Amino acid sequence: MFYWVCKYILIGPLLRLLFRPQVEGIENLPEDGAAILAGNHLSFSDSIFLPLVCKRKIVFLAKSDYFDTPGFKGWLTKLFFSGVGQVPVDRSGGKASEAALRTGLRILGAGDLLGIYPEGTRSRDGRIYRGRTGVGHLALTAGCPVVPVGLQGTEDIQPVGASRPRRAKVTVR
């Protein structure tokens with residue numbers, strides 16, 4: 001429920017007003033059933049703008065650091081990510097990778113949208129890096145479509161290392 005409150009009451013209206021994100025190709029998103037949204041990852045704000053422009057809830061596989069950072073700030077971060085329904089994933093490889101794939105399959109098995117960044121991390125220089133094979137494995141195993149997503153401008157809103165967001169044009173394709 002916190003997901004929808006953030007999207008339509010707390011955060012969404014302000015973001016729509018300040019940034020006026022443009023959307024192209026939203027008709028390619030299935031209206032129901034499982035699908036994988038595979039996007040490029042330029043900024044922390046990618047995971048904010050993509051759900052902002054989609055009607056359906058998107059569950060992201062989020063790095064576990066967002067859920068286990070110590071201190072008050074870590075507690076608030078965990079509370080937010082848990083509240084909006086994001087799922088922690090250990091990215092250390094091996095059995096952790098298998099667990100992440102099982103989690104993704106569980107989400108897809110429930111008929112939900114799964115947001116994933118095939119590169120496995122944010123691009124530090126704006127280039128698209130080699131993707132990992134998890135998206136293909138998930139799509140083939142779950143029998144669901146992959147919807148490629150291109151985000152532009154989010155790296156200008158919150159560049160790597162920036163403490164505060166800046167105004168910029170955002171496009172989600």
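Everything numeric in this text was worked out from a predicted model, so none of it was measured.
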Exercise. How about Ile107 and Leu61: do any of their side-chain heavy atoms sit closer than 4.5 Å?
Worked result: yes
Problem set entry | Leu42-Val172 co-clustered via ILVMFWY side chain contacts under 4.5 Å | no
Problem set entry | Gap between atom CD1 of Ile116 and atom CD1 of Ile36 - 0.5 Å precision | 7.0 Å
Problem set entry | Leu14, Ile157, Leu52 screened by side chain to side chain contact (heavy atoms under 4.5 Å, CB included) with Phe19, the one that passes | Ile157
For this session: Establish whether Met1 and Ile11 are linked, either directly or via other cluster members, by ILVMFWY side-chain heavy-atom contacts under 4.5 Å.
Result: yes
For this session: Over all heavy atoms of both residues, which pair between Phe2 and Gly83 is shortest? Give the atoms and the distance, please.
Result: CB-O, 3.2 Å
Problem set entry | Test side chain to side chain contact (heavy atoms under 4.5 Å, CB included) applied to Ile26 - qualifying residues, sequence neighbours left out | Val23, Leu29, Cys54
Problem set entry | Transitive ILVMFWY side-chain link Leu76 to Leu10, under 4.5 Å | no
Exercise. Any idea which heavy atoms bring Gln86 and Val59 closest together, and the distance?
Worked result: OE1-C, 3.8 Å
Exercise. Taking only residues at least two apart or on different chains, which pairs with a member in residues 158-171 satisfy salt bridge (Lys or Arg N to Asp or Glu O under 4.0 Å)?
Worked result: none
Problem set entry | Separation between OG1 of Thr133 and CG of Leu138, rounded to the nearest 0.5 Å | 9.5 Å
Problem set entry | Heavy-atom closest contact (Gly39 atom, Pro118 atom, distance) | O-CD, 3.3 Å
For this session: Go through the steps to decide whether Phe60 and Val84 satisfy the test side-chain contact (heavy atoms from CB on, under 4.5 Å), and finish with yes or no.
Result: CA-CA 10 Å; Phe60 283 93; Val84 295; over 6 Å; no
Seminar exercise, completed: Quick note, salt bridge (Lys or Arg N to Asp or Glu O under 4.0 Å) partners involving residues 97-112, not counting sequence neighbours, are none
For this session: Mind checking the CZ-OH spacing from Arg16 to Tyr8? Nearest 0.5 Å is all I need.
Result: 6.5 Å
For this session: Would you kindly confirm whether Leu79 and Phe72 end up in one hydrophobic cluster when ILVMFWY residues are joined by side chain heavy atoms under 4.5 Å apart?
Result: yes
Problem set entry | Same apolar cluster: Ile48 and Val87, side chain cutoff 4.5 Å | no
Problem set entry | Parallel, tilted or perpendicular: ring planes of Phe81 versus Tyr66, cut at 30 and 60 degrees | parallel
For this session: If a pair satisfies side-chain hydrogen bond (donor to acceptor under 3.5 Å, both in side chains) and one of its residues is in residues 17-26, list it, with sequence neighbours excluded.
Result: Glu24-Arg173
For this session: Flag yes if more than 12 heavy atoms outside Glu27 fall under 6.0 Å of its CD atom; otherwise flag no.
Result: yes
For this session: For residues Ala35 and Leu108, report the shortest heavy-atom separation together with the two atoms involved.
Result: O-CD2, 3.5 Å
For this session: With sequence neighbours excluded, give me every side-chain hydrogen bond (donor to acceptor under 3.5 Å, both in side chains) pair touching residues 68-83.
Result: none
Problem set entry | Whether Tyr3 side chain and Ile58 backbone form a donor-acceptor pair below 3.5 Å | yes
For this session: List the atom of Leu113, the atom of Gly33, and the distance in Å for their closest heavy-atom pair.
Result: CD2-O, 4.3 Å
For this session: Determine which pairs satisfy side-chain hydrogen bond (donor to acceptor under 3.5 Å, both in side chains) with at least one residue from residues 45-65, sequence neighbours left out, and list them in order.
Result: His41-Asp46, Ser43-Ser45, Asp46-Thr154, Ser47-Tyr117
